[in-house]
Amino acid sequence: MTTTTNVRVRFAPSPTGYFHVGGARTALYNWLVARQANGSFLLRIEDTDRERSDDQWTDGIVNALSWLGITWDEGLFHQSERHELYNDAVARLVANGHAYACDCPRDAIDERTKTRQTPGYDGFCRDRNLEPGAGKALRFRVPDLGVTTVHDLVRGDVDFANETIEDFVIVKSNGDPLYVLAVVVDDVDMGITHIIRAEEHLPTTPKAVLIWQALSDTPLPAFAHLPVLVNEKRQKLSKRRDRVAVEDYRNLGYLPEAMINYLCLLGWAPNDGRELLAIGEMISEFRLEEVNKSPAFFDEKRLNHFNGLYIRALTTDEFVERAMPFVSRDDVPWNKDKFDLQRFITLAPLIQERITTLGEIPNYIKFLFADPFDIDTAVFEKAMLKDSSSLEILRAARSAFSEATFDPESLKKILITIGEQFDRKLAKTQAPIRVATMGSPVGLPLFESLAILGRARVLARLDHSIMIAEKTR
RNA sequence: GGCCCCAUCGUCUAGAGGCCUAGGACACCACCCUCUCAAGGUGGAGGCACGGGUUCGAAUCCCGUUGGGGCUACCA
């Protein structure tokens with residue numbers, strides 16, 4: 001296990017917005033490849049565009065990856081701190097004729113393009129031998145003939161005719177390197193062997209190949225372009241359009257291991273039908289060559305399913321521990337110092353099998369810790385006033401509970417007996433009691449809840465509802 | 001417009017020429033279980049985009065059509 005290989009991968013997000021699940025999936029696949037090969041996973045922040053980059057987004061990326069358990073072996077690298085490297089590479093490119101200065105304004109290029117059949121830059125400055133410097137951009141001289149082939153592990157060979165690739169800009173006129181240049185310089189410098197990224201980068205990959213070959217004799221890395229993740233309209237997930245920030249899922253109460261499992265299956269599946277995969281299984285079984293080519297819809301419903309399974313697989317102790325941040329938040333629907341850990345623990349197993357996200361917990365235990373306790377009028381009316389015997393049941397229960405042993409079994413027997421008096425099944429008998437004591441027609445099992453609530457509060461709540469019902473009828 | 005990618009149930013997928021009467025999972029529906037709601041169990045409906053080839057045989061290979069998507073900045 002201590003043998004290391006030379007496999008080196010990198011995850012290179014740009015800090016220009018919330019870190020979304022598509023990026024997380026890309027990071028995961030990179031990480032799996034690194035772990036499987038016992039190689040290295042590097043994290044590099046692509047912040048060459050200073051205006052769009054912001055440290056807060058970098059923090060978000062770092063936090064999200066940490067939460068997911070995707071650890072990096074080298075980094076964080078910031079492209080913004082590596083300008084010397086880029087300048088050096090640019091100087092070499094200019095010196096050996098691969099790059100040239102260009103002072104064409106955009107509108108001039110567009111004007112000339114109108115009269116041409118091929119779109120893009122027309123190579124106007126190619127042989128003008130402009131002296132590179134301030135106010136002039138640098139363009140890469142793309143061969144007029146031939147084909148640049150991208151060998152892609154998931155898509156096979158993809159050919160691009162060089163004549164369809166324009167002489168693209170690699171350095172802005174203000175001297176800043178462009179992404180396409182910085183990426184290659186860094187990948188060469190860091191000895192990256194596998195470039196695993198989203199499919200949207202495929203069209204610019206021949207440019208990267210050309211730069212790589214102009215800059216280095218080292219063999220090209222293997223490429224793997226992953227299918228993009230799409231929304232319900234089958235458009236690429238976007239930070240602006242779609243609310244899919246990893247951070248949001250964390251706050252909603254998704255488990256990182258469920259998220260990882262779901263993400264892993266978005267574009268890849270093991271040979272047999274297994275869907276619940278441990279990290280170790282993903283690491284040993286994942287194959288880039290088996291990654292699907294078509295876009296995948298990020299389906300929250302399916303994520304929910306996985307999250308529910310993972311929550312239910314927790315031991316009670318683990319569950320309680322995971323739940324703590326969600327029952328101690330400021331926005332919890334009860335006075336924070338009313339919270340009682342022991343009582344929560346007692347109910348925990350019952351909650352655990354009912355929820356799909358940890359964020360749902362407060363609503364389940366609100367009845368226990370919220371005092372004063374009030375009931376939604378619509379709910380109350382439906383449960384208490386639509387049925388004439390509801391009030392009678394409340395009274396009967398009030399009377400019987402005042403002397404009962406307060407354990408679930410005893411309480412249940414009492415209610416069954418009361419139900420018989422009214423010729424009702426238990427399902428019907430429990431309804432008004434539930435609303436009166438728990439505030440909702442749905443929720444945790446009633447008798448366990450009553451027992452934990454305790455006689456005093458149960459009686460008080462019954463009295464309260466009886467009073468309201470009497471007044472209203 | 002140009003370049004490129006993609007195409008199995010609504011969704012995620014299994015399927016690498018006969019094992020396919022196309023399998024699983026989510027979602028959906030029904031039933032069972034049941035103090036509510038869930039969870040769980042059982043069952044059901046639902047798909048190879050279309051057209052040509054190749055082949056004894058095609059979801060699987062080839063071509064085309066259609067449809068979807070990505071890129072097309074001195075963004076990343």
Side-chain angles (χ1 to χ4, degrees), chain A residues 12-17 46-49 51-53 79 102 104-106 109 117-120 136-139 150 152 154-155 158-161 163-166 168-180 182-183 198-206 225 227-228 230 232-236 262 265-276 290 292-306 308-309 312 350-356 360 364 408 411-412 415-416 419 425-431 433-435 438 440-449:
Chain A
S14 58
T16 55
E46 314 261 295
D47 55 355
T48 53
D49 186 346
E51 296 191 359
R52 296 207 314 158
S53 301
Q79 289 193 322
C102 168
C104 295
R106 186 70 238 176
I109 297 173
Q117 59 281 55
T118 37
K136 275 171 273 184
L138 245 34
R139 289 183 181 272
V150 174
D152 193 293
V154 345
R155 276 150 222 288
V158 184
D159 295 334
F160 296 85
E163 60 185 338
T164 66
I165 306 171
E166 64 176 340
F168 51 95
V169 175
I170 54 176
V171 178
K172 297 189 200 180
S173 50
N174 70 3
D176 282 353
L178 242 19
Y179 164 83
V180 65
V183 167
E199 187 194 347
E200 65 205 70
H201 293 281
L202 185 51
T204 63
T205 304
H225 287 94
V228 291
V230 298
E232 63 289 334
K233 286 152 74 184
R234 302 214 70 85
Q235 297 165 312
K236 182 179 76 163
Y262 174 64
L265 261 21
L266 226 42
W268 177 81
N271 300 322
D272 51 27
R274 279 171 309 133
E275 299 205 308
L276 235 39
E290 293 172 352
N292 281 310
K293 300 179 183 69
S294 35
F297 170 53
F298 185 83
D299 188 356
E300 225 168 72
K301 292 234 179 75
R302 195 164 152 78
L303 206 213
N304 285 341
H305 168 69
F306 280 99
L309 292 181
R312 262 160 257 129
L350 299 175
I351 300 167
Q352 192 178 353
E353 68 180 41
R354 253 157 270 260
I355 59 173
T356 56
E360 296 162 31
Y364 273 98
L411 295 169
K412 182 176 182 180
L415 228 57
I416 290 173
K425 289 198 167 147
L426 186 52
K428 279 285 194 181
T429 317
Q430 59 96 42
I433 312 286
R434 174 182 291 278
V435 170
M438 300 177 73
S440 167
V442 299
L444 262 21
L446 179 64
F447 306 111
E448 283 80 355
S449 301

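These values consider heavy atoms only, across backbone and side chains, with no hydrogens, waters or symmetry-generated copies. Letters A, B, ... mirror the listed sequences (proteins, then strands); counts begin at 1. Since this is a predicted model, take the numbers as computed values, not measurements.
A straight line from CZ of A:F298 to P of B:A27 spans 15 Å, rounded to a whole angstrom. The CD atom of A:E166 sits 11 Å away from the C1' atom of B:C3 (whole-angstrom rounding). As rounded to whole Å, 14 Å separates atom C1' of B:A25 from atom CG of A:N304. For the pair A:D47 CG and B:A76 P, the interatomic distance rounds to 10 Å; values are reported in whole Å. Residue A:N271 contributes atom CG, which lies 9 Å from atom P of B:A14 at whole-angstrom precision. Taking atom NZ of A:K236 as the reference point, atom P of B:C6 lies 17 Å away to the nearest angstrom. Note: CZ (A:F306) to C1' (B:C12) measures 8 Å, nearest angstrom. One interatomic measurement links the two molecules: CZ of A:F168 to P of B:G2, which rounds to 23 Å at whole-angstrom precision.
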Measure all distances between protein nitrogen or oxygen atoms and nitrogen or oxygen atoms of nucleotides 20-22 of chain B, and list the pairs falling under 3.5 Å.
none

Interface polar pairs with nucleotides 7-10 of chain B, N/O, under 3.5 angstrom:
none

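In this structure, A:L446 reaches the bases: a heavy-atom distance under 4.0 Å links it to at least one base atom across the strands shown. No engagement by A:R274 is indicated, since no non-hydrogen atom pair under 4.0 Å with the nucleic acid exists. A:I416 comes within 4.0 angstrom of no nucleic acid atom, judged by non-hydrogen atoms across all strands. Base contact: A:R434 has a heavy atom under 4.0 Å from a base atom. Contact annotation for A:T356: no contact, since no heavy-atom pair falls under 4.0 Å across all strands. A:R52 comes within 4.0 angstrom of a base, heavy atoms only. Nucleic acid contact class of A:F160 (heavy atoms, under 4.0 Å, all strands): sugar-phosphate only. Residue-level contact check: A:G267 touches the backbone only, with heavy atoms under 4.0 Å from sugar-phosphate atoms and none from bases. Residue A:D159 is in sugar-phosphate contact alone, with no base atom involved, counting any heavy-atom pair closer than 4.0 Å across all strands shown. Within 4.0 Å of A:E448, counting heavy atoms only, lies at least one base atom of the nucleic acid. Among the protein residues, A:F297 comes within range of the sugar-phosphate backbone only, with heavy atoms under 4.0 Å from sugar or phosphate atoms but none that close to a base.
A:R302 contributes no side-chain N or O that forms a donor-acceptor pair with the base of B:U11 under 3.5 Å. For A:E46 against B:C75, a side-chain-to-base donor-acceptor contact under 3.5 Å is absent. For A:S173 against B:C74, a side-chain-to-base donor-acceptor contact under 3.5 Å is present. Side-chain N/O atoms of A:R155 and base N/O atoms of B:C5 include no donor-acceptor pair closer than 3.5 Å.
Here A:D272 pairs with A:R274 in a salt bridge; the nearest charged N to carboxylate O distance falls below 4.0 Å. With respect to A:R52 and A:E46, no salt bridge is recorded, no charged nitrogen being found less than 4.0 Å from a carboxylate O. No salt bridge links A:E199 with A:K293; every basic N to acidic carboxylate O contact stays at or beyond 4.0 Å.
Looking at which nucleotide of RNA chain B each of A:P445 and A:L309 is closest to, the 5′-most match is held by A:P445. Residue whose closest nucleotide on RNA chain B sits further toward the 5' end, between A:A137 and A:A269: A:A269.
Both distances falling under 3.5 Å, in either a Watson-Crick or a G-U wobble arrangement, occur for no nucleotide opposite B:A38. Figure legend. B:G10 is base-paired to B:C26; pairs are counted as Watson-Crick or G-U wobble with both atom distances under 3.5 Å. Shown here, B:A49 forms a base pair with B:U65; the pair counts as Watson-Crick or G-U wobble because both key distances fall under 3.5 Å.
At least one side-chain nitrogen or oxygen of A:R312 sits closer than 4.0 Å to the OP1 or OP2 atom of B:G40. One finds a side-chain N or O of A:T48 lying less than 4.0 angstrom from the OP1 or OP2 phosphate oxygen of B:A76. OP1 or OP2 of B:C74 sits under 4.0 Å from a side-chain N or O of A:R106. For A:K136 and B:C74, the shortest distance from a side-chain N or O to OP1 or OP2 is not below 4.0 Å.
Distance from the side chain of A:T164 is smallest to B:C3 among B:C71, B:C3, B:C75. In this structure, of B:A27, B:C35, B:U11, it is B:A27 that holds the atom nearest to the side chain of A:K301. Comparing atom distances between the A:E200 side chain and each of B:C6, B:G70, B:C5 picks out B:G70 as nearest. For A:H305, taking side-chain heavy atoms from C-beta onward, the closest of the listed nucleotides B:U36, B:G69, B:C26 is B:C26. The side chain of A:R354 lies closest to B:A38, out of B:A38, B:C74, B:C26. The side chain of A:E353 lies closest to B:A38, out of B:C71, B:C35, B:A38.
Proximity of A:F298 to A:V230: side-chain heavy atoms (C-beta onward) are nowhere separated by under 4.5 Å.
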Would A:L446 and A:L415 count as a side-chain contact (heavy atoms from CB on, under 4.5 Å) here? Give the steps.
CA-CA 11 Å; A:L446 179 64; A:L415 228 57; 4.1 Å; yes
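In this structure, A:H225 does not pack face-to-face on the six-membered ring of B:G70, missing the 5.5 Å centre cutoff or the 30° plane limit.
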In the 5'-to-3' direction, what one-character label does each nucleotide of nucleotides 45-50 of chain B receive under the scheme B = base within less than 4.0 Å of a protein heavy atom, S = sugar-phosphate only, - = no such atom?
------
